[in-house]
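Treat the numbers as computed from the prediction; the structure is a model and nothing was measured.
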Amino acid sequence: MGSRGILLRTLLEDLEYRCCQGDLDIQIMDVVNDSRKAGPGSLFLCIHGAVSDGHDYVDQVVEKGACALVVEHPVQAPGDVTVIQVSDSRYAMACIAACWFGHPAREMKTIGITGTKGKTTATYMIRSILENAGYRVGLIGTIETIIGDRHIPASHTTPESIEVQQRFREMADYGCDCVVMEVSSQGLMLHRTAGFVFDYGIFTNIEPDHIGPNEHTSFEHYLSCKSMLLRQCRRGIVNRDDEHFEQMIEGHTCSLETYGFSEDADLRAVDPRLISRPGQLGIAYRVQGLLDLPVEIDIPGKFSIYNSLTAIAVCRHFHVSRDDILRALRCAKVKGRVEMVPVSDAFTLMIDYAHNAMALKSLLITLREYRPARLVCLFGCGGNRSRARRFEMGEVSGELADLTIITSDNPRDEDPQAIIDDIKQGIKKTRGEYVEIKDRKEAIAYAIHHGQPGDIIILAGKGHEDYQEIKGKKYPMDERVLIREILEEG
(Lines give C-alpha, C1' and ligand atoms only; values in the text may rest on other atoms or scores of the structure.)
Protein backbone atom coordinates (compact mmCIF):
# COMPACT_ATOMS: atom_id res chain seq x y z
CA MET A 1 0.00 0.00 0.00
CA GLY A 2 2.64 2.54 0.78
CA SER A 3 5.79 3.16 2.78
CA ARG A 4 4.66 6.52 4.14
CA GLY A 5 3.12 6.80 7.59
CA ILE A 6 -0.16 8.51 8.48
CA LEU A 7 -1.22 9.54 11.97
CA LEU A 8 -3.87 7.21 13.38
CA ARG A 9 -5.91 10.26 14.45
CA THR A 10 -6.04 11.39 10.79
CA LEU A 11 -7.19 7.97 9.55
CA LEU A 12 -10.09 8.06 12.02
CA GLU A 13 -11.30 11.58 11.22
CA ASP A 14 -14.50 10.48 9.40
CA LEU A 15 -15.53 7.98 12.08
CA GLU A 16 -17.30 7.85 15.41
CA TYR A 17 -15.12 5.75 17.71
CA ARG A 18 -13.95 5.15 21.26
CA CYS A 19 -10.26 4.88 22.10
CA CYS A 20 -10.15 2.02 24.62
CA GLN A 21 -6.39 2.26 25.21
CA GLY A 22 -3.21 3.68 23.72
CA ASP A 23 -2.19 6.76 21.74
CA LEU A 24 -3.96 8.31 18.72
CA ASP A 25 -0.85 10.20 17.63
CA ILE A 26 1.09 7.17 16.38
CA GLN A 27 2.31 6.67 12.82
CA ILE A 28 0.50 3.94 10.92
CA MET A 29 2.67 2.29 8.27
CA ASP A 30 0.07 -0.06 6.73
CA VAL A 31 -3.65 -0.82 6.90
CA VAL A 32 -4.65 -4.51 6.73
CA ASN A 33 -7.64 -6.77 7.39
CA ASP A 34 -5.76 -10.03 6.69
CA SER A 35 -3.71 -11.24 9.66
CA ARG A 36 -1.13 -12.75 7.29
CA LYS A 37 -0.30 -9.26 5.96
CA ALA A 38 0.21 -7.63 9.36
CA GLY A 39 3.67 -6.19 10.05
CA PRO A 40 5.51 -3.55 12.09
CA GLY A 41 3.47 -0.37 12.46
CA SER A 42 0.34 -1.78 10.85
CA LEU A 43 -3.27 -1.02 11.76
CA PHE A 44 -5.26 -4.26 11.87
CA LEU A 45 -9.03 -4.18 11.25
CA CYS A 46 -10.90 -6.97 13.04
CA ILE A 47 -13.62 -8.00 10.58
CA HIS A 48 -16.34 -10.61 11.13
CA GLY A 49 -15.98 -12.66 7.93
CA ALA A 50 -18.12 -15.48 6.55
CA VAL A 51 -15.43 -17.99 7.55
CA SER A 52 -13.36 -16.40 10.32
CA ASP A 53 -13.43 -13.50 12.78
CA GLY A 54 -10.53 -11.03 12.83
CA HIS A 55 -10.97 -10.56 16.59
CA ASP A 56 -9.57 -14.10 17.01
CA TYR A 57 -6.24 -13.08 15.45
CA VAL A 58 -5.29 -10.22 17.78
CA ASP A 59 -2.41 -12.10 19.44
CA GLN A 60 -0.94 -13.10 16.05
CA VAL A 61 -0.99 -9.59 14.56
CA VAL A 62 0.39 -7.97 17.71
CA GLU A 63 3.25 -10.48 17.62
CA LYS A 64 3.94 -9.41 14.00
CA GLY A 65 4.19 -5.76 15.08
CA ALA A 66 0.67 -4.34 14.61
CA CYS A 67 0.52 -1.16 16.71
CA ALA A 68 -3.22 -0.43 16.46
CA LEU A 69 -6.44 -2.44 16.28
CA VAL A 70 -9.94 -1.50 15.17
CA VAL A 71 -12.48 -3.71 16.95
CA GLU A 72 -16.23 -4.07 17.42
CA HIS A 73 -16.00 -5.55 20.92
CA PRO A 74 -13.31 -5.40 23.65
CA VAL A 75 -10.17 -7.50 23.14
CA GLN A 76 -7.10 -8.26 25.25
CA ALA A 77 -4.04 -6.45 23.89
CA PRO A 78 -0.69 -5.24 25.34
CA GLY A 79 -0.80 -1.72 26.80
CA ASP A 80 1.37 -0.22 24.04
CA VAL A 81 -1.15 -1.27 21.35
CA THR A 82 -3.86 1.29 20.58
CA VAL A 83 -7.36 -0.21 20.54
CA ILE A 84 -10.16 1.65 18.76
CA GLN A 85 -13.74 0.44 19.18
CA VAL A 86 -16.37 1.15 16.49
CA SER A 87 -19.93 -0.04 15.94
CA ASP A 88 -19.15 -1.53 12.50
CA SER A 89 -15.57 -2.43 11.58
CA ARG A 90 -16.43 -2.94 7.89
CA TYR A 91 -17.74 0.62 7.64
CA ALA A 92 -14.67 1.82 9.54
CA MET A 93 -12.42 -0.10 7.14
CA ALA A 94 -13.95 1.69 4.13
CA CYS A 95 -13.47 5.15 5.67
CA ILE A 96 -9.93 4.37 6.85
CA ALA A 97 -8.98 2.89 3.45
CA ALA A 98 -10.26 6.01 1.65
CA CYS A 99 -8.10 8.22 3.87
CA TRP A 100 -5.08 5.86 3.67
CA PHE A 101 -5.05 6.11 -0.13
CA GLY A 102 -5.57 9.87 -0.10
CA HIS A 103 -9.27 9.97 -1.02
CA PRO A 104 -8.74 9.09 -4.70
CA ALA A 105 -12.51 9.15 -5.45
CA ARG A 106 -12.38 12.94 -5.04
CA GLU A 107 -9.97 13.13 -8.00
CA MET A 108 -12.32 11.43 -10.49
CA LYS A 109 -16.01 11.30 -11.42
CA THR A 110 -17.39 8.10 -9.87
CA ILE A 111 -20.25 6.11 -11.38
CA GLY A 112 -21.79 3.17 -9.49
CA ILE A 113 -24.31 0.76 -11.02
CA THR A 114 -26.52 -1.64 -9.08
CA GLY A 115 -29.30 -3.97 -10.22
CA THR A 116 -30.09 -7.64 -10.73
CA LYS A 117 -29.38 -7.58 -14.46
CA GLY A 118 -27.58 -5.27 -16.86
CA LYS A 119 -24.80 -4.01 -14.57
CA THR A 120 -21.93 -5.52 -16.57
CA THR A 121 -23.17 -4.49 -20.02
CA ALA A 122 -24.09 -0.98 -18.86
CA THR A 123 -20.62 -0.42 -17.33
CA TYR A 124 -18.91 -1.40 -20.59
CA MET A 125 -21.29 0.78 -22.65
CA ILE A 126 -20.61 3.78 -20.40
CA ARG A 127 -16.87 3.16 -20.65
CA SER A 128 -17.13 2.84 -24.45
CA ILE A 129 -19.02 6.14 -24.83
CA LEU A 130 -16.76 8.12 -22.49
CA GLU A 131 -13.55 6.72 -24.00
CA ASN A 132 -14.88 7.55 -27.48
CA ALA A 133 -15.28 11.13 -26.25
CA GLY A 134 -11.66 11.23 -25.03
CA TYR A 135 -12.04 10.46 -21.33
CA ARG A 136 -9.76 8.02 -19.50
CA VAL A 137 -12.06 5.56 -17.76
CA GLY A 138 -11.30 2.98 -15.08
CA LEU A 139 -13.67 0.04 -14.64
CA ILE A 140 -14.37 -2.35 -11.74
CA GLY A 141 -16.78 -5.19 -12.35
CA THR A 142 -17.80 -8.84 -12.41
CA ILE A 143 -15.40 -9.78 -15.21
CA GLU A 144 -12.35 -7.62 -14.51
CA THR A 145 -10.84 -4.37 -13.32
CA ILE A 146 -9.46 -2.19 -16.14
CA ILE A 147 -6.80 0.46 -15.56
CA GLY A 148 -5.36 1.68 -18.85
CA ASP A 149 -4.00 -1.39 -20.64
CA ARG A 150 -4.14 -3.52 -17.49
CA HIS A 151 -6.95 -6.06 -17.24
CA ILE A 152 -7.07 -7.66 -13.78
CA PRO A 153 -9.47 -10.65 -13.46
CA ALA A 154 -12.13 -10.17 -10.78
CA SER A 155 -12.85 -12.43 -7.82
CA HIS A 156 -15.90 -10.48 -6.59
CA THR A 157 -18.30 -8.15 -8.43
CA THR A 158 -17.45 -5.48 -5.85
CA PRO A 159 -14.05 -6.00 -4.13
CA GLU A 160 -13.38 -5.31 -0.42
CA SER A 161 -13.14 -1.60 0.40
CA ILE A 162 -9.33 -1.66 0.79
CA GLU A 163 -9.00 -3.04 -2.75
CA VAL A 164 -11.61 -0.61 -4.11
CA GLN A 165 -9.64 2.34 -2.73
CA GLN A 166 -6.31 0.88 -3.88
CA ARG A 167 -7.69 0.50 -7.43
CA PHE A 168 -9.12 4.03 -7.30
CA ARG A 169 -5.67 5.33 -6.31
CA GLU A 170 -4.03 3.43 -9.21
CA MET A 171 -6.65 4.84 -11.59
CA ALA A 172 -6.23 8.41 -10.37
CA ASP A 173 -2.44 8.11 -10.59
CA TYR A 174 -2.76 6.72 -14.12
CA GLY A 175 -4.75 9.83 -15.07
CA CYS A 176 -8.30 8.46 -15.17
CA ASP A 177 -10.96 11.19 -15.26
CA CYS A 178 -13.69 8.79 -14.20
CA VAL A 179 -14.37 5.31 -12.93
CA VAL A 180 -17.44 3.18 -13.57
CA MET A 181 -18.08 0.23 -11.29
CA GLU A 182 -20.62 -2.48 -10.64
CA VAL A 183 -21.97 -2.29 -7.11
CA SER A 184 -23.45 -5.55 -5.84
CA SER A 185 -26.04 -5.73 -3.08
CA GLN A 186 -23.45 -7.70 -1.06
CA GLY A 187 -20.96 -4.89 -1.64
CA LEU A 188 -23.45 -2.33 -0.33
CA MET A 189 -24.49 -4.51 2.62
CA LEU A 190 -20.82 -5.02 3.61
CA HIS A 191 -19.95 -1.30 3.14
CA ARG A 192 -17.39 -2.03 0.43
CA THR A 193 -18.29 1.25 -1.28
CA ALA A 194 -18.56 3.37 1.88
CA GLY A 195 -16.02 6.11 2.60
CA PHE A 196 -16.87 8.21 -0.47
CA VAL A 197 -19.92 9.50 -2.34
CA PHE A 198 -20.62 8.40 -5.92
CA ASP A 199 -21.20 11.26 -8.35
CA TYR A 200 -23.76 9.07 -10.14
CA GLY A 201 -25.63 6.07 -8.74
CA ILE A 202 -27.60 3.96 -11.22
CA PHE A 203 -30.35 1.44 -10.48
CA THR A 204 -31.10 -0.86 -13.44
CA ASN A 205 -33.78 -3.27 -12.14
CA ILE A 206 -34.47 -5.77 -9.37
CA GLU A 207 -35.74 -9.34 -9.39
CA PRO A 208 -35.58 -12.03 -6.68
CA ASP A 209 -31.96 -13.24 -6.74
CA HIS A 210 -29.07 -13.82 -4.30
CA ILE A 211 -31.51 -14.86 -1.57
CA GLY A 212 -30.17 -17.62 0.65
CA PRO A 213 -28.31 -18.45 3.86
CA ASN A 214 -25.02 -16.79 2.80
CA GLU A 215 -26.53 -13.83 0.98
CA HIS A 216 -29.82 -11.98 1.66
CA THR A 217 -32.44 -13.28 4.07
CA SER A 218 -35.36 -12.04 1.95
CA PHE A 219 -36.27 -10.06 -1.16
CA GLU A 220 -37.05 -7.05 1.08
CA HIS A 221 -33.53 -7.22 2.55
CA TYR A 222 -32.03 -7.54 -0.96
CA LEU A 223 -33.99 -4.47 -2.12
CA SER A 224 -33.08 -2.43 0.95
CA CYS A 225 -29.36 -3.16 0.39
CA LYS A 226 -29.58 -2.10 -3.26
CA SER A 227 -31.43 1.10 -2.32
CA MET A 228 -28.47 2.13 -0.13
CA LEU A 229 -26.75 3.34 -3.32
CA LEU A 230 -29.30 6.17 -3.61
CA ARG A 231 -28.12 7.41 -0.20
CA GLN A 232 -24.46 7.22 -1.27
CA CYS A 233 -24.58 9.28 -4.46
CA ARG A 234 -25.13 12.86 -5.55
CA ARG A 235 -27.35 12.07 -8.53
CA GLY A 236 -29.46 8.92 -8.85
CA ILE A 237 -30.46 7.59 -12.27
CA VAL A 238 -33.27 5.06 -11.89
CA ASN A 239 -35.23 2.73 -14.19
CA ARG A 240 -38.80 4.15 -14.05
CA ASP A 241 -40.30 0.95 -15.49
CA ASP A 242 -39.20 -1.31 -12.64
CA GLU A 243 -42.19 -2.45 -10.59
CA HIS A 244 -40.24 -1.77 -7.38
CA PHE A 245 -39.36 1.80 -8.40
CA GLU A 246 -41.21 3.46 -5.50
CA GLN A 247 -39.64 1.16 -2.88
CA MET A 248 -36.21 1.62 -4.46
CA ILE A 249 -36.26 5.42 -4.20
CA GLU A 250 -37.70 5.49 -0.67
CA GLY A 251 -35.40 7.46 1.61
CA HIS A 252 -33.09 8.59 -1.24
CA THR A 253 -30.85 11.58 -0.49
CA CYS A 254 -29.74 12.37 -4.06
CA SER A 255 -31.26 14.33 -6.93
CA LEU A 256 -33.22 11.88 -9.10
CA GLU A 257 -33.52 11.27 -12.81
CA THR A 258 -35.41 8.42 -14.52
CA TYR A 259 -35.25 6.47 -17.76
CA GLY A 260 -37.35 3.76 -19.44
CA PHE A 261 -40.31 3.29 -21.77
CA SER A 262 -42.72 4.94 -19.30
CA GLU A 263 -44.33 8.27 -20.20
CA ASP A 264 -43.20 9.43 -16.75
CA ALA A 265 -39.50 8.77 -17.49
CA ASP A 266 -37.21 11.77 -18.03
CA LEU A 267 -35.32 9.90 -20.78
CA ARG A 268 -37.61 7.69 -22.86
CA ALA A 269 -37.16 4.96 -25.45
CA VAL A 270 -39.82 4.95 -28.19
CA ASP A 271 -40.43 3.08 -31.47
CA PRO A 272 -38.24 0.01 -30.81
CA ARG A 273 -37.61 -2.24 -33.80
CA LEU A 274 -35.61 -5.42 -34.32
CA ILE A 275 -32.71 -5.49 -36.77
CA SER A 276 -31.63 -8.71 -38.43
CA ARG A 277 -28.73 -9.03 -40.86
CA PRO A 278 -26.79 -12.11 -41.99
CA GLY A 279 -25.10 -13.51 -38.88
CA GLN A 280 -25.98 -10.39 -36.90
CA LEU A 281 -28.89 -9.29 -34.68
CA GLY A 282 -29.53 -5.87 -33.20
CA ILE A 283 -32.13 -3.34 -32.13
CA ALA A 284 -32.98 0.29 -32.94
CA TYR A 285 -35.10 2.89 -31.13
CA ARG A 286 -35.48 6.62 -30.59
CA VAL A 287 -34.55 8.51 -27.41
CA GLN A 288 -36.90 11.31 -26.34
CA GLY A 289 -37.19 13.61 -23.35
CA LEU A 290 -33.90 14.97 -22.00
CA LEU A 291 -32.30 14.08 -25.36
CA ASP A 292 -33.65 13.40 -28.83
CA LEU A 293 -31.66 10.99 -30.99
CA PRO A 294 -31.99 7.74 -32.97
CA VAL A 295 -30.01 4.79 -31.60
CA GLU A 296 -28.93 1.51 -33.19
CA ILE A 297 -27.06 -1.27 -31.38
CA ASP A 298 -25.59 -4.54 -32.61
CA ILE A 299 -26.82 -6.41 -29.53
CA PRO A 300 -30.29 -7.99 -29.64
CA GLY A 301 -33.25 -7.62 -27.31
CA LYS A 302 -35.26 -5.21 -25.23
CA PHE A 303 -32.69 -5.44 -22.42
CA SER A 304 -30.18 -3.88 -24.86
CA ILE A 305 -32.45 -0.84 -25.02
CA TYR A 306 -32.41 -0.57 -21.21
CA ASN A 307 -28.63 -1.05 -21.03
CA SER A 308 -27.90 1.55 -23.70
CA LEU A 309 -30.48 3.98 -22.28
CA THR A 310 -28.74 3.63 -18.89
CA ALA A 311 -25.43 4.52 -20.54
CA ILE A 312 -26.93 7.50 -22.40
CA ALA A 313 -28.57 8.77 -19.18
CA VAL A 314 -25.16 8.83 -17.47
CA CYS A 315 -23.02 10.06 -20.34
CA ARG A 316 -25.19 13.05 -21.19
CA HIS A 317 -23.79 14.58 -17.96
CA PHE A 318 -20.30 14.56 -19.51
CA HIS A 319 -18.89 16.47 -22.49
CA VAL A 320 -20.02 13.90 -25.01
CA SER A 321 -21.40 14.61 -28.47
CA ARG A 322 -24.35 12.81 -30.06
CA ASP A 323 -21.91 11.27 -32.54
CA ASP A 324 -19.73 9.97 -29.68
CA ILE A 325 -22.77 8.27 -28.15
CA LEU A 326 -24.03 6.72 -31.40
CA ARG A 327 -20.59 5.57 -32.57
CA ALA A 328 -19.68 4.07 -29.19
CA LEU A 329 -22.95 2.18 -28.84
CA ARG A 330 -22.51 0.64 -32.28
CA CYS A 331 -19.15 -0.84 -31.29
CA ALA A 332 -19.76 -1.57 -27.58
CA LYS A 333 -19.24 -5.26 -26.93
CA VAL A 334 -19.16 -7.17 -23.67
CA LYS A 335 -17.33 -10.48 -23.50
CA GLY A 336 -19.81 -13.26 -22.90
CA ARG A 337 -22.96 -11.12 -22.82
CA VAL A 338 -24.99 -11.91 -25.99
CA GLU A 339 -21.62 -11.81 -27.74
CA MET A 340 -22.01 -12.65 -31.41
CA VAL A 341 -19.22 -14.67 -32.98
CA PRO A 342 -19.12 -14.45 -36.79
CA VAL A 343 -19.10 -18.00 -38.14
CA SER A 344 -21.50 -18.00 -41.08
CA ASP A 345 -23.83 -15.64 -42.96
CA ALA A 346 -26.39 -18.46 -42.95
CA PHE A 347 -26.96 -18.53 -39.17
CA THR A 348 -26.17 -16.52 -36.02
CA LEU A 349 -23.95 -17.88 -33.25
CA MET A 350 -23.60 -16.20 -29.87
CA ILE A 351 -22.08 -16.75 -26.42
CA ASP A 352 -23.92 -15.71 -23.25
CA TYR A 353 -23.36 -16.07 -19.51
CA ALA A 354 -26.99 -17.14 -18.78
CA HIS A 355 -26.41 -19.81 -16.14
CA ASN A 356 -29.73 -19.97 -14.30
CA ALA A 357 -33.33 -20.50 -15.41
CA MET A 358 -34.36 -16.83 -15.07
CA ALA A 359 -31.52 -15.56 -17.25
CA LEU A 360 -31.91 -18.37 -19.81
CA LYS A 361 -35.66 -17.83 -20.11
CA SER A 362 -35.22 -14.08 -20.62
CA LEU A 363 -32.57 -14.69 -23.28
CA LEU A 364 -34.50 -17.35 -25.22
CA ILE A 365 -37.73 -15.29 -25.20
CA THR A 366 -35.73 -12.32 -26.54
CA LEU A 367 -34.18 -14.40 -29.35
CA ARG A 368 -37.58 -15.92 -30.26
CA GLU A 369 -38.72 -12.41 -31.23
CA TYR A 370 -36.26 -12.53 -34.14
CA ARG A 371 -38.23 -15.48 -35.61
CA PRO A 372 -35.31 -17.86 -36.18
CA ALA A 373 -35.73 -20.91 -38.40
CA ARG A 374 -34.62 -22.83 -35.29
CA LEU A 375 -33.50 -21.68 -31.89
CA VAL A 376 -30.68 -23.98 -30.75
CA CYS A 377 -29.56 -23.82 -27.10
CA LEU A 378 -26.33 -25.45 -25.91
CA PHE A 379 -25.66 -25.51 -22.17
CA GLY A 380 -24.56 -27.48 -19.13
CA CYS A 381 -24.83 -26.77 -15.40
CA GLY A 382 -22.20 -26.25 -12.74
CA GLY A 383 -21.42 -28.97 -10.23
CA ASN A 384 -21.58 -28.38 -6.44
CA ARG A 385 -24.56 -26.08 -7.06
CA SER A 386 -28.32 -26.44 -6.60
CA ARG A 387 -29.71 -29.49 -8.42
CA ALA A 388 -33.01 -27.61 -8.83
CA ARG A 389 -31.23 -25.23 -11.23
CA ARG A 390 -30.58 -28.16 -13.60
CA PHE A 391 -34.19 -29.28 -13.72
CA GLU A 392 -35.35 -25.67 -14.19
CA MET A 393 -32.87 -24.87 -16.98
CA GLY A 394 -33.71 -28.15 -18.74
CA GLU A 395 -37.40 -27.32 -18.63
CA VAL A 396 -36.88 -23.73 -19.84
CA SER A 397 -34.72 -24.84 -22.78
CA GLY A 398 -37.08 -27.72 -23.62
CA GLU A 399 -40.01 -25.31 -23.79
CA LEU A 400 -38.38 -22.42 -25.64
CA ALA A 401 -35.63 -23.90 -27.85
CA ASP A 402 -36.23 -26.07 -30.92
CA LEU A 403 -33.14 -28.10 -30.12
CA THR A 404 -31.20 -28.35 -26.87
CA ILE A 405 -27.61 -29.61 -26.88
CA ILE A 406 -26.81 -30.75 -23.33
CA THR A 407 -23.12 -30.69 -22.48
CA SER A 408 -20.71 -30.07 -19.61
CA ASP A 409 -20.10 -26.75 -17.84
CA ASN A 410 -17.94 -26.62 -14.68
CA PRO A 411 -18.58 -30.08 -13.20
CA ARG A 412 -16.31 -29.30 -10.22
CA ASP A 413 -16.43 -32.34 -7.89
CA GLU A 414 -19.46 -33.96 -9.52
CA ASP A 415 -19.74 -36.54 -12.30
CA PRO A 416 -20.55 -34.62 -15.54
CA GLN A 417 -22.92 -37.39 -16.63
CA ALA A 418 -24.93 -37.10 -13.39
CA ILE A 419 -25.40 -33.36 -14.06
CA ILE A 420 -26.49 -34.06 -17.65
CA ASP A 421 -28.98 -36.67 -16.38
CA ASP A 422 -30.51 -34.06 -14.05
CA ILE A 423 -30.89 -31.59 -16.94
CA LYS A 424 -32.58 -34.32 -19.00
CA GLN A 425 -35.18 -34.79 -16.26
CA GLY A 426 -36.20 -31.16 -16.76
CA ILE A 427 -36.27 -31.42 -20.56
CA LYS A 428 -38.37 -34.58 -20.43
CA LYS A 429 -41.20 -32.57 -18.86
CA THR A 430 -41.45 -30.80 -22.22
CA ARG A 431 -41.73 -31.94 -25.83
CA GLY A 432 -38.40 -30.31 -26.73
CA GLU A 433 -35.86 -32.20 -28.80
CA TYR A 434 -32.38 -32.68 -27.38
CA VAL A 435 -29.03 -34.35 -27.94
CA GLU A 436 -26.37 -34.93 -25.28
CA ILE A 437 -22.65 -34.53 -25.99
CA LYS A 438 -20.57 -34.52 -22.83
CA ASP A 439 -17.40 -32.94 -24.29
CA ARG A 440 -18.10 -29.21 -24.70
CA LYS A 441 -15.87 -28.73 -27.75
CA GLU A 442 -17.57 -31.67 -29.52
CA ALA A 443 -20.96 -30.23 -28.58
CA ILE A 444 -20.05 -26.81 -30.05
CA ALA A 445 -18.70 -28.50 -33.20
CA TYR A 446 -22.01 -30.36 -33.53
CA ALA A 447 -23.95 -27.08 -33.21
CA ILE A 448 -21.82 -25.35 -35.88
CA HIS A 449 -21.72 -28.26 -38.36
CA HIS A 450 -25.48 -28.80 -38.05
CA GLY A 451 -26.35 -25.09 -38.27
CA GLN A 452 -29.14 -24.42 -40.79
CA PRO A 453 -30.02 -21.21 -42.65
CA GLY A 454 -31.86 -18.80 -40.36
CA ASP A 455 -30.86 -20.57 -37.11
CA ILE A 456 -29.90 -18.73 -33.96
CA ILE A 457 -27.47 -20.82 -31.90
CA ILE A 458 -26.75 -19.83 -28.33
CA LEU A 459 -23.85 -21.20 -26.26
CA ALA A 460 -25.08 -20.50 -22.73
CA GLY A 461 -23.55 -20.66 -19.27
CA LYS A 462 -19.84 -19.95 -19.70
CA GLY A 463 -19.92 -16.41 -21.07
CA HIS A 464 -16.68 -14.58 -20.27
CA GLU A 465 -15.12 -17.56 -18.46
CA ASP A 466 -11.96 -18.93 -20.07
CA TYR A 467 -11.63 -22.09 -17.99
CA GLN A 468 -13.40 -25.29 -17.02
CA GLU A 469 -13.32 -26.28 -13.36
CA ILE A 470 -12.91 -30.01 -12.72
CA LYS A 471 -12.06 -31.51 -9.30
CA GLY A 472 -10.66 -28.30 -7.83
CA LYS A 473 -8.51 -27.43 -10.86
CA LYS A 474 -9.21 -24.85 -13.56
CA TYR A 475 -8.30 -26.00 -17.09
CA PRO A 476 -8.01 -23.44 -19.92
CA MET A 477 -11.19 -23.41 -22.01
CA ASP A 478 -12.40 -20.35 -23.90
CA GLU A 479 -15.37 -20.88 -26.20
CA ARG A 480 -14.01 -18.33 -28.69
CA VAL A 481 -10.83 -20.40 -28.98
CA LEU A 482 -12.85 -23.62 -29.33
CA ILE A 483 -14.91 -22.08 -32.15
CA ARG A 484 -11.76 -20.95 -33.95
CA GLU A 485 -10.23 -24.43 -33.62
CA ILE A 486 -13.44 -26.07 -34.88
CA LEU A 487 -13.51 -23.80 -37.95
CA GLU A 488 -9.82 -24.46 -38.67
CA GLU A 489 -10.31 -28.21 -38.33
CA GLY A 490 -13.20 -27.95 -40.81
**OP:** Apply salt bridge (charged side-chain N to carboxylate O under 4.0 Å, His left out) to R169 and E107, showing your working.
**Re:** CA-CA 9 Å; R169 171 44 59 209; E107 299 170 35; 2.7 Å; yes
Subject >> Derivation and outcome, salt bridge (charged side-chain N to carboxylate O under 4.0 Å, His left out), residues D478 and K335 >> reply: CA-CA 11 Å; D478 185 325; K335 189 179 181 186; 3.7 Å; yes
**OP:** Show your reasoning for whether salt bridge (charged side-chain N to carboxylate O under 4.0 Å, His left out) applies to E170 and R150.
**Re:** CA-CA 11 Å; E170 290 169 10; R150 289 169 65 204; 3.3 Å; yes
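From R106, atom CZ reaches atom CZ of F196 across 11.5 Å, with rounding to the nearest 0.5 Å. The CD1 atom of I126 sits 7.0 Å away from atom OG1 of T310, with the distance rounded to the nearest 0.5 Å.
Here F245 and F203 keep their ring centres 6.0 angstrom or further from each other. F347 and H450 have their aromatic ring centers separated by at least 6.0 angstrom.
A 6.0 Å sphere centred on NZ of K361 holds no more than 12 heavy atoms belonging to other residues, nucleotides or ligands. A 6.0 Å sphere centred on CD of E13 holds more than 12 heavy atoms belonging to other residues, nucleotides or ligands.
Residues N410 and E465 bring a donor and an acceptor atom of their side chains to less than 3.5 Å of each other. Inspection of the T157 and S184 side chains reveals no N or O donor paired with an N or O acceptor under 3.5 Å. Remark: the N239 side chain and the T204 side chain contain no N/O donor-acceptor pair separated by less than 3.5 Å.
A salt bridge does not link E433 with R374: every distance from a Lys NZ or Arg NE/NH1/NH2 to an Asp or Glu carboxylate oxygen is 4.0 Å or more. Ionic pairing of D177 and R136 is not present here: no N-O contact between side-chain nitrogen and carboxylate oxygen is shorter than 4.0 angstrom. R480 has a carboxylate O that lies under 4.0 Å from a charged side-chain N of E339, or vice versa, which qualifies the two as a salt bridge. A salt bridge is absent between R192 and E163; no separation between the charged side-chain nitrogens and carboxylate oxygens falls under 4.0 Å.
Annotation: side chain of I444 is in contact with side chain of E479 (closest heavy-atom distance under 4.5 Å).
For the pair K462 and Y467, the cation sits on the ring face: its NZ or CZ lies under 6.0 Å from the ring centre, inside 45° of the axis. Because its NZ or CZ atom is both nearer than 6.0 Å to the ring centre of F261 and within 45° of the ring axis, K302 counts as a cation-pi partner of that residue.
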Side-chain donor-acceptor contacts of residues 267-284 below 3.5 Å, not counting sequence neighbours, with atom names and distances?
from: R268; atom 1: NH1; to: A265; atom 2: O; distance (Å): 3.1
from: R277; atom 1: NH2; to: E296; atom 2: OE2; distance (Å): 2.7
from: Q280; atom 1: NE2; to: D298; atom 2: O; distance (Å): 3.4

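Ring planes of F318 and Y200: tilted class, angle from 30 to 60°.
For the side chain to side chain donor-acceptor pair (under 3.5 Å) with R90, the qualifying choice from H191, E160, H48 is E160, the only one to do so.
Every side chain to side chain contact (heavy atoms under 4.5 Å, CB included) that H355 has, sequence neighbours left out, goes to Y353, R389.
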